[in-house]
There are 2 protein chains.
Amino acid sequence: MRSDAERNYARILSAAKTIVAKQGAQASLRDVARRAEVGMGTLYRHFPTREALLETLLRDRFEALAAKAAALESARDPFAALAEWLREFLSWTPFRGLASALMATLSDQESALHASCHAMRQAVGRLLARAQESGQVRPEVDSLDLFALVNAVGWVSEQAPDLAARQERLLGFVLDGLASQQDDADSRECR
Amino acid sequence: MRSDAERNYARILSAAKTIVAKQGAQASLRDVARRAEVGMGTLYRHFPTREALLETLLRDRFEALAAKAAALESARDPFAALAEWLREFLSWTPFRGLASALMATLSDQESALHASCHAMRQAVGRLLARAQESGQVRPEVDSLDLFALVNAVGWVSEQAPDLAARQERLLGFVLDGLASQQDDADSRECR
DNA sequence: ACCTGAACACCGTTCAAGT
DNA sequence: ACCTGAACACCGTTCAAGT
C-alpha cells in the first residue's frame with residue numbers, strides 16, 4: 001500500500017469512528033469523507049460499501065467476543081457463562097443501528113460483516129449447547145433464537161435512554177424464558 | 001373540507017398505503033405524491049410530517065387493539081388473555097419499520113402516534129396488571145417492559161423471513177420469561 | 001496506484017405563484 | 001382555501017481528469 005493510501009485509510013477510519021458514533025450506522029458518508037479531508041472517490045476506493053466500513057470498525061470487537069466465548073466454554077456453570085457472555089455482548093454499544101446491521105448479516109452471506117460475525121456466532125453457539133447439555137436451557141432453543149433475542153434487547157436499548165437503563169432487566173427476562181421451565185401452563189393458573 | 005381537498009386526502013392515503021407497504025416506514029414521500037398524482041405541497045398540507053401520515057395509516061388498528069384488550073379484561077385466564085392480545089398485536093405487520101416507529105412514540109410525547117398509541121398501551125397495561133394480580137406474571141414487570149419486549153419480537157420478525165416464521169416461538173420464550181418463576185438461580189444448576 | 005471533485009439522480013422541505 | 005412544482009440543500013454513487 002502506498003504511503004498516502006495508508007494515511008487516507010487511517011484518516012477515514014478515524015473519521016468514521018467519530019461520525020458513526022454520533023449519527024449511527026446510517027451516518028452520512030459525505031460527512032465521513034469531509035472529516036477525513038478526503039475525496040469521495042478515496043472513501044469508496046478503500047471501502048466499496050457502507051457495510052465494509054462498519055465491518056472494519058467492528059471486526060476487532062467480534063474477534064474479542066469470540067475469544068471470550070471460547071474462554072467461557074470451560075466455565076463451571078454453563079448457564080452463568082452464557083449469561084455473562086450475553087451481558088458482555090450487550091455492554092458494547094458503539095453506535096445506533098448496530099443491532100440492525102448484525103441482523104442483516106444473517107441474510108447477506110456475501111457481506112464482510114457476515115464473515116466477521118460467523119466465528120462469534122459459532123462460539124456462542126457452543127456456549128448455548130453446553131447450557132443445554134447441562135439441562136439449564138430448553139433443548140428446542142437454537143443459536144439463531146439466541147442471536148435474535150439478544151439483538152432484540154440491544155435494539156430496544158437503542159430506542160430510548162430509559163430503555164437502555166433497563167437492558168440488564170430485559171436480558172434477565174429473556175434468559176429466564178430460555179431457561180428450562182419447571183412448571184407447565186396449567187400449573188401457572190391461579191397460583 | 002373542499003371537495004378537491006377531500007379527494008386529494010383520500011388519494012394520498014391510498015397511495016401511501018401501497019408505497020409504505022412496499023418500501024417501509026422510510027418510504028419516499030415523493031413516490032407517495034407521484035402515485036397520488038398530487039404536488040408535494042399538497043402532501044405536506046394534509047400531512048405535515050411523515051409521522052402524521054403513518055399515524056393515519058395506523059389509527060384504526062390501534063383503536064381495534066385497544067378494544068380487543070378491553071374485551072379480554074374479563075377473560076377467565078388473565079395470562080392466556082395477555083398472550084392472546086400479544087399474538088394479535090404481532091399478527092398485523094403493515095410495513096417494515098413499524099416496531100421502530102412505535103418505540104419512537106414513547107419519547108416523543110407531542111406526536112400524533114403517541115396519542116394514538118396511548119389508549120392501547122393503557123388497555124394492555126390493565127391486562128398485564130390482571131395477570132400479575134393472579135400471580136401468573138412476575139410483579140416487577142411493568143407495561144413499558146412488556147411493550148418494549150413485544151416490539152422487540154416484532155422487530156426481529158422484520159429482519160428476515162425465517163425469523164418471521166419463528167415469531168410465535170420467540171414470543172413464547174419472552175412470555176415464559178415474564179411469567180412467575182418457580183425455580184431460583186441455584187436450582188437451575190446441574191439439573 | 002491512487003486521489004480529486006464535479007456530475008448525476010435522487011431525496012425532504014419550503015414557498016412564491018397560481019386558481 | 002387549496003394546489004402546483006420549481007428551488008434549495010442535502011445525499012449516495014460514479015467516473016473523467018489529474019499526479
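Chain letters run A, B, ... following the sequence lines, proteins first, then strands; residues in each count from 1.
Pairs of residues two or more places apart, or lying in two chains, that qualify as ring pair (Phe, Tyr, Trp, His ring centres under 6.0 Å) and include a residue from residues 126-162 of chain B are A/W155-B/W155. Judged as a side chain to side chain donor-acceptor pair (under 3.5 Å), the pairs with a partner in residues 6-15 of chain A (not counting sequence neighbours) are, in order, A/R11-A/E37. Residue pairs meeting the salt bridge (Lys or Arg N to Asp or Glu O under 4.0 Å) criterion with at least one member in residues 102-126 of chain A, sequence neighbours excluded: A/E73-A/R126. Sorted by first and then second residue, the pairs that involve residues 141-154 of chain B and meet side chain to side chain donor-acceptor pair (under 3.5 Å), not counting sequence neighbours, are A/R166-B/D142, A/R166-B/D145, A/R169-B/D145.
Whole-Å rounding puts the B/L43 CG to D/dC2 P distance at 15 Å. What separates CG of A/N8 from P of C/dG5 is a distance of 12 Å, to the nearest Å.
Listed by chain and residue number, B/R50 satisfy the side chain to side chain contact (heavy atoms under 4.5 Å, CB included) test with B/Q26 (two or more places apart in sequence, or in another chain). The salt bridge (charged side-chain N to carboxylate O under 4.0 Å, His left out) search around A/E168 returns none, not counting sequence neighbours. Qualifying salt bridge (charged side-chain N to carboxylate O under 4.0 Å, His left out) partners for B/E63, counting only residues two or more places apart in sequence or in other chains: none. Partners of B/E51 by salt bridge (charged side-chain N to carboxylate O under 4.0 Å, His left out), not counting sequence neighbours: none found. Every side chain to side chain donor-acceptor pair (under 3.5 Å) that B/D4 has, sequence neighbours left out, goes to B/R2.
For B/R138 and A/D176, the salt-bridge test passes: some basic side-chain N is under 4.0 Å from an acidic carboxylate O.
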Between protein and nucleic acid, restricted to nucleotides 9-15 of chain D and to nitrogen or oxygen atoms under 3.5 Å apart, what atom pairs and distances do you find?
unit_1 : atom_1 : unit_2 : atom_2 : d
D/dC11 : OP1    : A/S28  : OG     : 3.2
D/dC11 : OP2    : A/R34  : NH2    : 3.2
D/dG12 : OP1    : A/L29  : N      : 3.0
D/dG12 : OP1    : A/R50  : NH2    : 3.0
D/dG12 : OP2    : A/L29  : N      : 3.2
D/dG12 : OP2    : A/R30  : N      : 3.2
D/dG12 : N7     : A/R30  : NH1    : 2.3
D/dG12 : O6     : A/R30  : NH1    : 3.0
D/dG12 : O6     : A/R30  : NH2    : 3.4
D/dT13 : OP2    : A/Y44  : OH     : 2.4
D/dT13 : O5'    : A/Y44  : OH     : 3.1

Worksheet item: In dot-bracket form, how is DNA chain C paired, counting a Watson-Crick or G-U wobble pair only if both its distances are under 3.5 Å and using | for bases paired to another strand?
Response: ||.|||||...|||||.||
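Phosphate proximity of D/dC2 to B/R45: present, with a side-chain N or O under 4.0 Å from OP1 or OP2. Side-chain nitrogen and oxygen atoms of A/H46 include none within less than 4.0 Å of the OP1 or OP2 phosphate oxygen of C/dC2.
At a non-hydrogen distance threshold of 4.0 Å, nothing from residues 105-114 of chain B comes into contact with DNA chain C.
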